[in-house]
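What follows is a set of notes on a single structure, which appears directly below.
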Amino acid sequence: MQPDSLNLYDYSHPQLTNLLAEWGYSSYHARRIWDYLYQVQVSSVNEMADLRPDLCQKLASRAQLTPLATQTEARSSDGFTRKFLLELADGQTIETVLMKFKGRATACVSTQVGCAMGCVFCATGQMGFTRHLTPGEIVGQVLYIDRLLQEQGERLRNVVFMGMGEPLHNYDNTMTAVDILIDPKGLALAPKHITLSTVGLVPGILRLAEENRPIRLAVSLHGATDAERQRLVPPARRWPLAELMAACRTYTQKRNRHIFFEWTLIAGENDTPEQAHALGQLLQDVDSHVNLIPLNPTAGYTGEPTQRTAVKQFQAILNQYHIPSTVRQRRGIDIAAGCGQLKATQL
Ligand code: SAH
Ligand code: SF4
């Protein structure tokens, strides 16, 4: 892509209307372009056949629609997970995953190249931060997956912001991408089928509580005491549990919806009965659902995944507190489906 060229996928529908107005074109033209981008899903400006020739020329000279390029693809042996390392215009790479579960397709997308949060067990955290993704680079991943599915006569149903990066650290670009994905005249994904996962950035959670985007929120907890959480998740030093849980309560009350709490189970580290009881107590008055995910081992961390019986024990303690929980299958572990792990193998 030329350095000064526009990425049309960076613009929400109202933003595209403003851009076109600056160029002297009415909202009708913005609507036509929007249809080409998200209904027809063209892959070049030249395919926007019935636009006014002067507008077509302007777009051809100012904007590009190059789809993200596949650098590597890996498939899980069970065939349910396909993981892609995609190349951005500046040569950086990110991971995007297509998961199929009970016939439903989910895209797991990245929001940053790398991540600044430094969670010790996470391959992306071990890489450090390179840069934020633009809205268009986030939307581009969803279009990439949707196109693959359409080739098989299927459509995308769910999007999870659980790939590389911390979405609330890249708040504005992530939310513009959400607005594009849920636009009823665009991809029209149901907001309830979009889940944003955060390591627990309190200002971002509070901002989300104030805004009217009815997407789902997941908070990665991993520790139910400050001491335990700080060992695994560096931002826990900045926002202690009391502050984080207060923000979560504000969110559940204002938005009137529950929060998923993610818990990566690491043998002998955060899978003890003490931590399970502490978690039960912590979530007593929060509308919550806990997702337990046995660790995917990574090169930069010596921890091991919790074994099945210990997972069941942990879950049994949560049951005593009437806290619903699900053990998430480690789908596609054979293709390094944990966050950042495919990229880590390529470095
Ligand atoms: N930055 C956000 C979203 C991306 S990570 C967040 O941290 O929530 C998505 C989820 O994958 C998080 O719950 C994270 O803790 C988890 N995760 C990262 N590395 C993992 C690993 N090696 N094994 C299991 N879960 C992992
Ligand atoms: Fe970043 Fe999430 Fe990985 Fe932590 S778990 S380093 S916040 S991507």
Side-chain angles (χ1 to χ4, degrees), residues 81 83 94-97 99 106-133 138 141 159-171 174 177 194-202 204-205 208 215-223 228-239 244 248 259-267 269-271 288-306 311 325-345:
T81 307
K83 183 162 189 161
I94 47 163
E95 291 183 11
T96 306
V97 184
M99 293 172 287
T106 298
C108 175
V109 299
S110 297
T111 53
Q112 298 176 319
V113 180
C115 183
M117 301 299 139
C119 303
V120 295
F121 53 82
C122 170
T124 310
Q126 290 157 16
M127 271 168 219
F129 176 71
T130 304
R131 69 169 175 87
H132 293 304
L133 296 189
I138 299 171
Q141 297 171 69
V159 171
V160 293
F161 290 93
M162 291 188 187
M164 299 170 70
E166 168 49 46
L168 297 186
H169 182 210
N170 186 16
Y171 193 98
T174 301
I194 297 181
T195 304
L196 182 148
S197 176
T198 175
V199 72
L201 302 192
V202 166
I205 294 172
L208 212 51
I215 57 173
R216 289 170 185 259
L217 179 65
V219 173
S220 298
L221 213 48
H222 312 310
E228 181 56 39
R229 194 160 190 267
Q230 286 170 13
R231 283 158 63 91
L232 300 171
V233 177
R237 293 176 209 143
R238 172 76 176 76
W239 293 286
L244 174 59
C248 289
I259 293 180
F260 295 99
F261 288 94
E262 310 280 307
W263 191 282
T264 295
L265 280 163
I266 308 167
E269 175 65 54
N270 64 355
D271 64 351
S288 57
H289 186 106
V290 175
N291 285 324
L292 300 165
I293 316 140
L295 177 79
N296 275 310
T298 54
Y301 182 64
T302 53
E304 298 282 337
T306 296
V311 175
S325 62
T326 309
V327 181
R328 286 235 308 259
Q329 295 173 42
R330 289 189 294 158
R331 300 193 80 82
I333 185 150
D334 53 335
I335 58 159
C339 170
Q341 285 179 263
L342 180 64
K343 176 157 171 150
T345 62

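Whatever order the structure lists them in is the order used to number ligands and atoms, beginning at 1. All of these numbers come straight from a predicted model, not from anything done at the bench.
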Do ligand 1 and Gly165 have nitrogen or oxygen atoms that lie under 3.5 Å from each other?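 Gly165 vs ligand 1: N/O contact under 3.5 Å present.
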
Do Cys119 and Val199 make a side-chain contact, defined as non-hydrogen atoms from C-beta onward lying under 4.5 Å apart?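 A side-chain contact exists here, since the closest heavy-atom pair is under 4.5 Å.
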
With the side chain counted from C-beta on, respond yes when Val233 and Met117 share a heavy-atom pair under 4.5 Å apart, and no when they do not.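 Result no, sub-4.5 Å side-chain heavy-atom pair not found.
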
Relative to ligand 1, is [X] under 4.0 angstrom through side chain, backbone, both or neither, heavy atoms considered?
X	value
Asn296	both
His222	side chain
Thr264	side chain

Verify the distance test for Cys115 against atom 4 (Fe) of ligand 2: any N/O/S atom under 2.8 Å, yes or no.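 Given the 2.8 Å cut-off, Cys115 does not count as a ligand of atom 4 (Fe) of ligand 2.
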
Checking [X] side chain against [Y] main chain: does a donor-acceptor pair fall under 3.5 Å?
X	Y	value
Asp271	Thr306	no
Asn291	Phe260	no
Thr198	Gly200	yes
Ser110	Gly163	no

With atoms numbered from 1 as shown, which atoms in ligand 2 lie under 4.0 angstrom from a non-hydrogen atom of Met117?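 So the answer, numbered in order with elements, is 1 (Fe), 7 (S).
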
Which label fits His169 and His132: parallel for a plane angle under 30°, tilted from 30 to 60°, or perpendicular past 60°?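 Rings of His169 and His132: perpendicular, as their planes differ by over 60°.
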
Indicate whether the side chain of Thr298 and that of Gln126 have a donor and an acceptor atom separated by less than 3.5 Å.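 The criterion, which ignores hydrogens and geometry beyond distance, is satisfied for Gln126 and Thr298.
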
By number and element, which atoms of ligand 1 are closer than 4.0 Å to a non-hydrogen atom of [X]?
X	answer
Thr198	6 (C), 8 (O)
Cys122	18 (C), 19 (N)
Glu262	13 (O)
Thr298	22 (N)

Which one holds for Cys122 and ligand 2: side chain close, backbone close, both close, or neither close, with close meaning a heavy atom under 4.0 Å?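 The part of Cys122 near ligand 2 is the side chain, not the backbone.
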
Any non-hydrogen atom of Met164 lying under 4.0 Å from ligand 1?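 It does not; every heavy atom stays at 4.0 Å or beyond.
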
For Gly163, is the nearest heavy atom under 4.0 Å from an atom of ligand 1?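 A heavy atom of Gly163 does come that close to ligand 1.
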
Candidate with minimal heavy-atom separation from atom 2 (Fe) of ligand 2, of Gly165, Pro167, Gly125, Ala123: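 Among Gly165, Pro167, Gly125, Ala123, the closest heavy atom to atom 2 (Fe) of ligand 2 comes from Gly165.
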
